[in-house]
Amino acid sequence: MQQNEELQKVVDLIEQFKLGPAINALENVLLIHPGMGNMDVLLAIKNDYSLMMQYWERGFEDAQRQLLYGQLLARLYVLTSNIITQRRMHENPYWIGIYQRPRQVRKDWSMNNVRSQLENFTSEVAMLELEQPQQREQKAKTLYEEHQQLMQDLFGYILTSRLWTENLADAFEELLLSPTVDPVDQQLIVSAVTLSLMQTFGINKFRLLLNVYRLSVVETVRQRALVGWVLAVDERKKRIYPEMGRMVGEVLEDKHACQEVTELQMQMIYCMNAEDDQQKIRDEIMPEIMNGSNIKMTQRGLVEMDEDSLEEMLHPEAAERNMEKMEESMRRMADMQKQGSDIYFGGFSQMKRFTFFNELSNWFVPFYPQHPSISHIWNNTRNKRFLQVITQIGAFCDSDKYSFVLAFEYVLGRLPANMLKMIENGEASPMPVGGEISMEEQQQPAFMRRMYLQNLYRFFKLYGNRNEFVNPFNMPSIVFFTKGIMAQNGLQDSLLEMGNFLYKRKFYQAAKDVIAHLDEDKRNFNFYMLQGMLQQRQYDFRTMSALESFSRALKLQPDNEQAIRGYARSAFNAKAYDAALRKYEQLLEMQPDNRSYQLNAAICLTNLDQNEEAEKRLFKLNYLYPEDMSVSRVLAWVLTLNGKYEQADKLYNTLLSADKPKALDILNYGYCHWLAGETMVAIAAFRQFVNTPGCEDYDMEKEFWVTSHKMLNEQGISDVEISMMLDSLR
């Protein structure tokens, strides 16, 4: 562990552009731990830097100095990263197994050999059509079993590989763009590269994914590559590899690419809501569906079971209501799915305990019926059609499709005889809970990307050894729009849209960080409005910034009601009650009957010691809206300040008669009786206040000496009385 920390410190120094200290730090690590080797490589870097320093110290001009420094920095990073990878593969029990298996069973991992095996598989699959039916099945079984083992090994080999050279990355790029390699294999390779890259950044693997995204003609491969390079972007490496920023910038010159990157960010946020969606489905939707479970599916559609039952004869309308509720719940599920929700996460999360998911690569392999782990289930004539239909029309990610097929084998033997017969005869008409997804929609890039993200989310959430991997679904890393390297070219036009998207989902800090990257010349009315709303949520230390933001918005749209309202609230938070009142009066000219504006204006008047005017307005509001407790609360306080304690007391009694009275009402009730000279009642109220849940640690000294000190003195309560009140509460 100590060695790992020491090596990470070297990486930190490299990221900080500190070549000399990084060389010295790594040299110390290698001297203390000679078993790591690589000292000769480090000494070569050290000697080159020493020579560079000598020329610089002697005053020689070198136009290539900046470039050479960067190259030495990159060489040192590659060396350090490879040492870290090597240690992980030889000391961590989990990684030892993944590293050793492919290298023990296969000695030749040259790119020529790998490509030859992948291309041979494609041609052999095509040749199966020429075989006799009796021989074809056995040959296909053997062929797919051998190939699946190869792909498992290749996945592990890539995942545990060191940083790639440019030539090796080019060879893999050719492989991933070749029409003679199965797209299923290409997708799995992209996932292996992605996982490897997220563990340890390497510029050549990163370039590979970018190029595959730009050049591949297979959409499923493109979308996996897009997810891969976006998740791998590492701001900390931009000084080591400045070309990373240039490469990303080139991609983001394309408007379509910017649109896809924007959609990807939103889809990742939706993934994070999977567990909340699961709770909503479990608590609200599924109970209604289960209430309609006296229904079965046939070729004629939905029909009721036990049509002649006594219950139905007595209550014929009940079955119809159950049907309507179930259909409404089904529609809710379908709507959630269309909006991007992961509606199947909860249901399928328990199905990841099959031994199938013990194999790492199976979490990422695209669904194909010939997979050796499920082919015997798929080819069972009793359920083949049922499985074909359900996996084709449902919005299931690959991982869930495998889960469904594996679970179906288990369930099949436990089905009632009549239902089993319907499945065998093709009479059952399966329909996913979330509704049918057309083939046209399934061919859309956004749908492919969403399904792949759900695969990834399940892996990082449910895989037994998930803690061994860098999780891209954690905050704040999931919001990759906050990375400055992404805020280039066409993506600038998406920053404000993304900021609003994040704000609506309460990712306030992320929204703030995203719009901070917006260029000055693009900061329009909507920008200042969003910035102001974000700053309002931290008004205790950013009030004037919020006020300034809304002020700038009003310069652009002086009569915009939302901007005026934002300014008024910010002014109030900044205790600029005069300014706030002016804005609320302006709002009341627009909407004279707006209760909120009237109430806020009255509160401003109170803070400006214009209590009589405030009381007048509040009495009118209280007459119009007698049930509005907010109005009663403010009126009670104004009456207290105006010395009308009996009237205030009546309102407080009403407020405190609620099932769960607000702590503020209890506190103000105490003030009312204290100012009225009823000290014992006030003491009892203050004691009740500090015993209210959430107020146990409330600082009453600060309350009396700071928050309300001026008011108490103005109302005739001396400092001596304040001290005595505090003593009585101790």
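We count residues from 1, following the sequence as given.
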>> Checking F459 against F473 for the ring pair (Phe, Tyr, Trp, His ring centres under 6.0 Å) test, could you report, in this order, the C-alpha distance in whole Å, the side-chain angles of both residues, the deciding distance, and whether it holds?
In response: CA-CA 11 Å; F459 171 76; F473 292 98; over 10 Å; no
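- If you check the side chains of S630 and Y625, you find no donor sitting under 3.5 Å from an acceptor.
- Between the side chain of N611 and the backbone N or O of N642, no donor-acceptor pair lies under 3.5 Å.
- The stretch residues 201-212 participates, sequence neighbours left out, in these side-chain hydrogen bond (donor to acceptor under 3.5 Å, both in side chains) pairs: S161-K205, E173-N211, S196-K205, N204-R207.
- Counting heavy atoms from C-beta on, the side chains of S632 and N622 come closer than 4.5 Å.
- For the 3.5 Å distance criterion, the side chains of R224 and Y213 fail to qualify, holding no donor opposite an acceptor.
- Side chain of R523 to main chain of L518: a donor-acceptor pair is present (N/O by atom type, distance under 3.5 Å, no hydrogens or angles).
- A donor-acceptor distance shorter than 3.5 angstrom exists from the side chain of Q715 to the backbone of L641, with no hydrogens or angles considered.
- The two residues N474 and S477 come nearest to each other via the heavy atoms O-OG, 2.8 Å.
- F17 and Y69 have tilted rings, their planes meeting at an angle from 30° to 60° on a 0 to 90° scale.
- With hydrogens and angles disregarded, no donor-acceptor distance shorter than 3.5 Å links the side chain of Q586 to the backbone of I564.
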>> Walk me through whether Q187 and V190 qualify under side-chain contact (heavy atoms from CB on, under 4.5 Å).
In response: CA-CA 5 Å; Q187 291 174 70; V190 168; 5.7 Å; no
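- Within the 4.5 Å cutoff, the side chain of R458 has heavy atoms near those of the C397 side chain.
- Residues F201 and Y77 keep their aromatic ring centres 6.0 Å or farther apart.
- In this structure, a donor-acceptor pair under 3.5 Å is absent between the side chains of Q535 and Y508.
- Taking the side chain as every heavy atom from C-beta outward, F704 and H709 never approach each other to under 4.5 Å.
- Applying the side chain to side chain contact (heavy atoms under 4.5 Å, CB included) test to A487 and every residue at least two apart in sequence or in another chain returns Q492, L495, H517.
- Residue-environment remark: CD (E440) stays at or below the threshold of 12 foreign heavy atoms within 6.0 Å.
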>> I'd like to know whether L208 forms a side-chain contact (heavy atoms from CB on, under 4.5 Å) with L197, so could you lay out the CA-CA distance, the side-chain angles of the two residues, the decisive distance to 0.1 Å, and finally the verdict.
In response: CA-CA 11 Å; L208 161 69; L197 194 51; over 6 Å; no
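- Contact detail for G394 and Q442: the closest heavy-atom pair is O-NE2, 4.5 Å.
- Counting heavy atoms from C-beta on, the side chains of F481 and I515 never come closer than 4.5 Å.
- When side chains are defined from C-beta on, W637 does not count as touching C672, because their heavy atoms never get closer than 4.5 Å.
- Sorted by first and then second residue, the salt bridge (charged side-chain N to carboxylate O under 4.0 Å, His left out) pairs with a member in residues 209-220 read R214-E250, E219-R222; sequence neighbours excluded.
- Counting only residues at least two apart or in different chains, salt bridge (charged side-chain N to carboxylate O under 4.0 Å, His left out) contacts with residues 479-495 comprise D493-K522.
- Looking at Q265, its side chain does come within 3.5 Å of a backbone N or O of F480 through a donor-acceptor pair.
- In this structure, E703 contributes its side chain and E701 its backbone to no donor-acceptor pair below 3.5 Å.
- Separation of the F689 and Y671 ring centroids does not fall under the 6.0 Å cut-off.
- For the pair Q591/E561, a side-chain contact is recorded, criterion being any heavy-atom separation below 4.5 Å from C-beta on.
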Side-chain donor-acceptor pairs of residues 599-607 under 3.5 Å, sequence neighbours excluded:
| residue | atom | partner | partner atom | Å |
| --- | --- | --- | --- | --- |
| N600 | ND2 | S596 | O | 3.2 |
| T606 | OG1 | A602 | O | 3.0 |
| N607 | ND2 | I603 | O | 2.9 |

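- Under the 3.5 Å distance criterion, the side-chain polar atoms of Q454 are left unmatched by any main-chain donor or acceptor of S399.
- Using a cut-off of 4.0 Å between Lys/Arg side-chain N and Asp/Glu carboxylate O, R617 and E585 are scored as salt-bridged.
- In terms of heavy-atom proximity, Q536 sits nearest to G566 at NE2-O, 3.0 Å.
- Ring-centre distance between F572 and Y584: not below the 6.0 Å cut-off.
- Screening residues 228-246 for side-chain hydrogen bond (donor to acceptor under 3.5 Å, both in side chains) gives E15-K237, D234-R236, D234-K237 as the qualifying pairs, with residues at least two apart or on separate chains.
- Donor-acceptor pairing under 3.5 Å is recorded for the side chains of Q509 and D513.
- The main-chain N or O of L547 is never found under 3.5 Å from a side-chain atom of S551 such that the two would form a donor-acceptor pair.
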> For Y652 and R633, what are the C-alpha separation, side-chain angles and deciding distance, and is it a side-chain hydrogen bond (donor to acceptor under 3.5 Å, both in side chains)?
Replying inline: CA-CA 8 Å; Y652 280 123; R633 182 170 293 111; over 6 Å; no
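- In this structure, the side chain of S438 engages the main chain of E441 through a donor-acceptor pair within 3.5 Å.
- Taking the ring centroids of Y528 and F550, they lie at or beyond the 6.0 Å cut-off.
- Within the 4.5 Å cutoff, the side chain of T194 has no heavy atoms near those of the V227 side chain.
- Between E263 and R450, none of the side-chain N atoms (NZ, or NE/NH1/NH2) sits under 4.0 Å from a carboxylate O, so this pair counts as no salt bridge.
- Using a 4.5 Å heavy-atom cutoff, the side chains of I437 and F447 are in contact.
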